[in-house]
Amino acid sequence: MKRDALSQRTFFEQVWLITLQIPRGKVTWYGFIAELLDAPHAARTVGWALHALTTEQSRWIPWHRVINKAGRCSLRNASFSYIEQQALLEEEGVQFDERGYTDLTVFGWEGLTPEEVQALLAQGRLPWESNQG
DNA sequence: ACAGTGACAACAT
DNA sequence: TATGTTGCCACTG
C-alpha cells in the first residue's frame with residue numbers, strides 16, 4: 001500500500017484514525033475530516049475510505065458518525081441505507097428533523113487541534129492492530 | 001502508467 | 001429545498 005512519508009499510513013488509514021475519535025452522540029462531515037488531514041478537497045476520498053471498510057472493521061470504526069455537510073446521512077444509493085445510518089445516530093442521541101436533517105452546530109464534533117492530529121497519526125492504532133506495534 | 005471510480009461539496013438554477 | 005454540473009483525489013486494475 002502506498003503510504004504517507006510522515007504518518008507511515010495510507011490516507012484511508014488516516015481517515016479511520018480520525019473517525020475513531022468522534023465521540024458517541026456527535027457527528028461530523030466528510031469535508032471536515034479531509035481538512036483535519038490537510039487535504040481540504042478530498043472529501044470524496046474520505047467517503048470512499050469509509051466505504052472501503054470491511055464488515056468486521058466497520059464494527060470498530062464509528063463510520064456512521066460521518067455524514068454530509070448539509071447535515072444529512074448520505075448513502076442515498078448505497079447498499080446500506082441512510083435510514084439505517086440515521087437510526088444508529090438517533091440511538092446515540094443525535095436528533096434529526098422530519099426531513100432527515102440534523103443541526104451540526106448542536107451535534108457537530110468539535111474536532112482536533114493540528115497537534116492532536118499529528119500525534120494521532122504518529123502513534124494512533126487501529127482496533128485490529130496489535131498494541132505491541 | 002493511466003483512466004475509471006465513488007457514502008463529497010460548492011455553485012447555479 | 002431539490003436537482004444538475006463540475007472540480008476534486010486516493011486508490012484500483
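The sequence lines fix the lettering, A, B, ..., with proteins before strands; numbering per chain opens at 1.
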Asks: Please enumerate all residues that pass side chain to side chain donor-acceptor pair (under 3.5 Å) together with A/Q57, with sequence neighbours excluded.
Replies: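 Listed in chain order: A/T54.
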Asks: Give me the distance, rounded to whole Å, that separates C/dC9 from B/dC11 when you measure between the P atoms they each carry.
Replies: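 Nearest-Å result for C/dC9 against B/dC11 at atom P: 16 Å.
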Asks: Take a 6.0 Å sphere around CD of A/E110 and say whether it holds more than 12 heavy atoms from other residues, nucleotides or ligands.
Replies: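 Yes, the 6.0 Å shell around CD holds more than 12 heavy atoms from other groups.
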Asks: Check whether any side-chain N or O of A/H41 sits under 4.0 Å from OP1 or OP2 of C/dC8, and answer yes or no.
Replies: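 No, outside the criterion.
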Asks: Quick one: A/I18 CD1 to B/dA7 C1', roughly how many Å, whole number?
Replies: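 Result: 18 Å.
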Asks: Under 3.5 Å, sequence neighbours excluded: what are the donor-acceptor pairs made by side chains of residues 42-50 of chain A?
Replies:
none

Asks: For DNA chain B, what residues of residues 93-113 of chain A have any heavy atom nearer than 4.0 Å?
Replies: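 The answer is none.
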Asks: Expressed as a whole number of angstroms, how long is the span from A/Q14:CD to C/dC11:C1'?
Replies: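 Spelled out: CD on A/Q14 to C1' on C/dC11 is 14 Å.
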Asks: Could you tell me the separation between the NE2 atom of A/H51 and the P atom of B/dA7, rounded to a whole number of Å?
Replies: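 The answer, rounded to whole Å, is 4 Å.
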Asks: Does the side chain of A/T10 get closer than 4.0 angstrom to OP1 or OP2 of C/dC11 through an N or O atom?
Replies: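 True: A/T10 side-chain N/O within range (under 4.0 Å) of C/dC11 OP1/OP2.
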Asks: Looking at the side chain of A/R44, which of B/dG6, C/dC9, B/dA7 is the nearest nucleotide?
Replies: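 Side chain of A/R44 sits closest to B/dG6.
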Asks: Cut-off 3.5 Å, side chains only: do A/E92 and A/H64 have a donor facing an acceptor?
Replies: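 Short answer, yes.
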Asks: Sort and list the pairs that fulfil ring pair (Phe, Tyr, Trp, His ring centres under 6.0 Å) and have at least one residue in residues 93-130 of chain A, not counting sequence neighbours.
Replies: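 Applying ring pair (Phe, Tyr, Trp, His ring centres under 6.0 Å) to every pair that reaches into residues 93-130 of chain A, excluding sequence neighbours, yields A/W16-A/W128.
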Asks: Measure from CG on A/L50 to P on B/dC8 and round the result to the nearest Å.
Replies: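 Between P of B/dC8 and CG of A/L50: 10 Å.
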Asks: Take atom CZ of A/F12 and atom P of C/dC11, then tell me their distance rounded to the nearest Å.
Replies: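 These atoms are roughly 6 Å apart.
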Asks: If the condition is side chain to side chain donor-acceptor pair (under 3.5 Å), which residues does A/E116 pass it with, not counting sequence neighbours?
Replies: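 For A/E116 the side chain to side chain donor-acceptor pair (under 3.5 Å) partners, ignoring immediate neighbours, are A/T113.
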Asks: Run the side chain to side chain donor-acceptor pair (under 3.5 Å) test against A/D38 and tell me which residues pass, sequence neighbours left out.
Replies: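 Counting only residues at least two positions away or on another chain, A/D38 forms no side chain to side chain donor-acceptor pair (under 3.5 Å).
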Asks: Between protein and nucleic acid, restricted to nucleotides 9-13 of chain B and to nitrogen or oxygen atoms under 3.5 Å apart, what atom pairs and distances do you find?
Replies:
residue	atom	partner	partner atom	Å
B/dA9	OP1	A/Y30	N	3.4
B/dA9	OP1	A/G31	N	2.8
B/dA9	OP2	A/K69	N	3.0
B/dA10	OP1	A/K69	NZ	2.9

Asks: In whole angstroms, how far is the C1' atom of C/dC11 from the CH2 atom of A/W16?
Replies: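 Interatomic distance, CH2 of A/W16 to C1' of C/dC11: 11 Å.
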Asks: My understanding is that only residues two or more places apart in sequence, or in another chain, count here; which of them pass ring pair (Phe, Tyr, Trp, His ring centres under 6.0 Å) with A/F32?
Replies: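 With sequence neighbours excluded, A/F32 shows a ring pair (Phe, Tyr, Trp, His ring centres under 6.0 Å) to A/W29, given in chain and number order.
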Asks: Using OP1 and OP2 only, check whether a side-chain N or O of A/R72 sits under 4.0 Å from C/dA2.
Replies: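 Looking at the OP1 and OP2 atoms of C/dA2, one of them is under 4.0 Å from a side-chain N or O of A/R72.
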Asks: Mind checking what makes salt bridge (Lys or Arg N to Asp or Glu O under 4.0 Å) contact with A/E98, not counting sequence neighbours?
Replies: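 Here no residue qualifies.
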